[in-house]
Each structure stands twice: as structure tokens, then as C-alpha cells.
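Remember, it's a predicted structure, so these values are computed and weren't measured experimentally.
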Amino acid sequence: MPMPQVPFDDRGLAYGDGLFETVLLRDGQPVLWDYHYTRLAQGCQRLNIPLPSAKQLMQAWQSPPASALEVLKLILTRGSGGRGYALPEYAEPRLMSRRTPFAANVMHWQQGVCVRLCHLRLGHQPLLAGIKHLNRLENVLARQEWQNSRIAEGLLADSSGVMVEATSMNLFWSSNGKLWTPLVDRCGVAGTLRAALLAHDVVQEGTLSMADLPQSERLWVGNSVQGMWPVRELLDAQDNVLATWSVPEASDPLQCAAHRLLGYSEFPTSESK
């Protein structure tokens, strides 16, 4: 599907009035597509945007793959029209897509990553919680907080000091021998890898405060493209070290479960570190 030129009055451009999905393609086929489709459908229902047909969506990956692994980005806007914030009488959604070759960051799988807490706090808006709408200014502002290349991700709490997610990944932790992920019922994005892990009873939803974060047995950040990154070092918003964790030599159960779902069967062994 070619990327059309977006007109000046497109509501996605003007107001963030739309949704997007970022999908891993393996040999030209979407991974975890049922979860992506479900989230897109929920977003369309919440924003009152007509959902594209399955045929329209499938056209985005019908051409031969450029490489074994690709990333497909789908952008759906309400289209043009309407006066100010008022909706057009008849919406004509605009669907766009782009495919790019992709290579997973195996070093992050093997060696773990350094993450930091962000100053920015996420505001509560339950009507938008979970869906992947186009207005990501909170994430953009949070990502501006660091330039140090050794920091792989920033962790975001809400205005109550409760952990929610990372800037572009979901957060996972271990406590009392169980695997957890934060609720995203007031803000944040319900990632598709997160959804699959919940559906397979690998993780469960829970609440984690900023104060309790450094006491977690383990931390991970993950999404449906990059897979699961174990956290080895946690920094505060001033880049002071709050906690460190060792990355196990043996197979990581959460990482293995996530990578099986994504088809990353080439999980690295300890000998390759």
C-alpha cells in the first residue's frame, strides 16, 4: 500500500485524531495479528472511526517481503472534514502503511539494558487508556529527557506515582516469584505482546509504585517488535543508580515465553554472550 500525501486538513495531522499499529512481519506474515486487530478495533470503537475491512488491512502485507523480518506501521486517521473539532458528517478514514526491514537487538536480549525513571507523569484519561491513538506527546516529551545512548528506555509513572509503562514498551516485574505487568485502565498502551502473555497466563496485572520499583526481584521491558529486554540497571530522573540486577546465565522464563510468541526461536544461549 503506497503512502499517500497527507492533506493539510487531515484530522490525524491536525488533532491526532486516529490510531496506529506497529506490527512485526515474519516472512511477510504479521505476528500476533489477532491482538493488533483487536486493539485497532477497540480504538476505532472508542474514537468512533469506521474500522477498515480485513481485506483493506491485509493489502498492507500482500507484496513480497523485502527481508525475513520487517516492521509494518499502519496509520488510520478519521480523514478530512468537519469544522474545528466537530466531526465530519460522513467520515472517510485514511489508511496508510509502510514496511521497513528490521533486525532485533540481540545484545539487549543477552546483556540486559539500563533504564531510567522519567520526570514526566502520565495523566489519567480512561477513555483513551489502552488504545494506540496518534496523540503521543507525553511519550515524545518523556523521550526528550535523556540523550545518553547507554540508556535504552525511560519508565513512566502516572500522576499518583504508580508505574504504568516505558516510553515505547510495556513494563514487567517479578515479585514473590510471580510475573506482573501494570494495569493500563487509566492511561498507557495495552501492548500486544503484553496481551498475549496475559492470555497465556504467563503474567498477571498488578500495581507497582515508584517507591517499590527498586525492590522488584526482576524488571523487564518488552513489546511485540523488540521482544523482551531484561533490565540490569535502574536510574532515577537525575541518572543516579537506584537498583541493579544480574542477568541470569540460564534461560529467562519470561523472555523465552515472549520470544516463543514472537517466533524468536533463535534465542541466544549463555555461551554466545
Between [X] and [Y], which heavy-atom pair has the shortest distance, and what is it?
X	Y	result
Tyr35	Ala195	CD2-CB, 3.7 Å
Pro248	Arg218	CG-NH1, 3.3 Å
Leu127	Arg46	O-NH1, 2.7 Å
Asn105	Trp229	O-NE1, 4.3 Å
Gly18	Ile49	CA-CD1, 4.0 Å
Leu122	Cys187	CB-SG, 3.9 Å

(Q) Quick one, Leu19 with Cys44, criterion side-chain contact (heavy atoms from CB on, under 4.5 Å). Give me CA distance, side-chain angles, the key distance, then yes/no. (A) CA-CA 8 Å; Leu19 304 154; Cys44 285; 3.8 Å; yes
Distance, nearest 0.5 Å, that separates [atom1] of [X] from [atom2] of [Y]:
X	Y	atom1	atom2	answer
Thr244	Arg232	OG1	CZ	10.5 Å
Asp34	Thr192	CG	OG1	11.0 Å
His124	Ser160	NE2	OG	4.5 Å
Arg186	Ser159	CZ	OG	7.5 Å
Trp146	His119	CH2	NE2	12.0 Å
Gln255	Trp220	CD	CH2	9.5 Å

Hydrophobic cluster identity match, [X] and [Y], side-chain contacts under 4.5 Å:
X	Y	answer
Trp245	Met169	yes
Leu254	Leu155	yes
Met210	Ile151	no
Val106	Leu261	yes
Phe20	Val140	no

Is any side-chain heavy atom of [X] closer than 4.5 Å to a side-chain heavy atom of [Y]?
X	Y	result
Leu87	Arg11	yes
Thr22	Lys132	yes
Met163	Leu219	no
Cys118	Leu156	yes
Val31	Tyr264	no
Leu235	Cys114	yes
Ser97	Gln59	no
Thr77	Val6	no

Q | Over 12 non-hydrogen atoms of neighbours within 6.0 angstrom of CD in Gln62 | A |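 Count over threshold, so yes.
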**Q.** More than 12 heavy atoms from other groups under 6.0 Å of CD on Gln45
**A.**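 Atom CD in Gln45 is not packed in, count stays at 12 or less.
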Q: Take Leu32 and Val23 through the side-chain contact (heavy atoms from CB on, under 4.5 Å) test and state the conclusion after the steps.
A: CA-CA 8 Å; Leu32 298 183; Val23 185; over 6 Å; no
Would you say the side-chain atoms of [X] pair up with the backbone N or O of [Y], donor to acceptor, closer than 3.5 Å?
X	Y	result
Arg94	Glu92	no
Glu138	Leu120	no
Thr181	Leu171	yes
Arg136	Gly16	no
Asn223	Leu193	no
His200	Val202	no
Glu145	Ala237	no
Asp10	Gly12	yes
Arg78	Pro88	no
Glu165	Val189	yes

**Q.** From Asp236, Asn240, Asp239, residue fulfilling side chain to side chain donor-acceptor pair (under 3.5 Å) relative to Arg116
**A.**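 So, applying the side chain to side chain donor-acceptor pair (under 3.5 Å) to Arg116 and each of Asp236, Asn240, Asp239, only Asp239 qualifies.
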(Q) For Ser63 and Arg99, which I'm curious about, is there any donor-acceptor pair between the side chains at under 3.5 Å? (A)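 Note: Ser63 and Arg99 side chains meet the donor-acceptor criterion.
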Q) Would Glu153 and Thr167 count as having a side-chain donor-acceptor pair, cut-off 3.5 Å? A)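 Yes, Thr167 and Glu153 have a side-chain donor paired with an acceptor closer than 3.5 Å.
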(Q) Between Gln226 and His108, does the side-chain contact (heavy atoms from CB on, under 4.5 Å) criterion hold? Intermediate values first, please. (A) CA-CA 9 Å; Gln226 295 287 354; His108 285 354; over 6 Å; no
Q. Less than 4.0 Å between a side-chain N and a carboxylate O, is that true for Arg194 and Glu205?
A.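 The answer is yes: the pair qualifies as a salt bridge.
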Q.
Can you tell me how the ring of Trp173 sits relative to the ring of Trp180, calling it parallel under 30°, perpendicular over 60° and tilted otherwise?
A.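 The arrangement is parallel - the two ring planes meet at less than 30°.
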Q: Could you check Arg26 against Leu69 for side-chain contact (heavy atoms from CB on, under 4.5 Å), going step by step and ending with a plain yes or no?
A: CA-CA 5 Å; Arg26 184 176 293 279; Leu69 282 182; 3.8 Å; yes
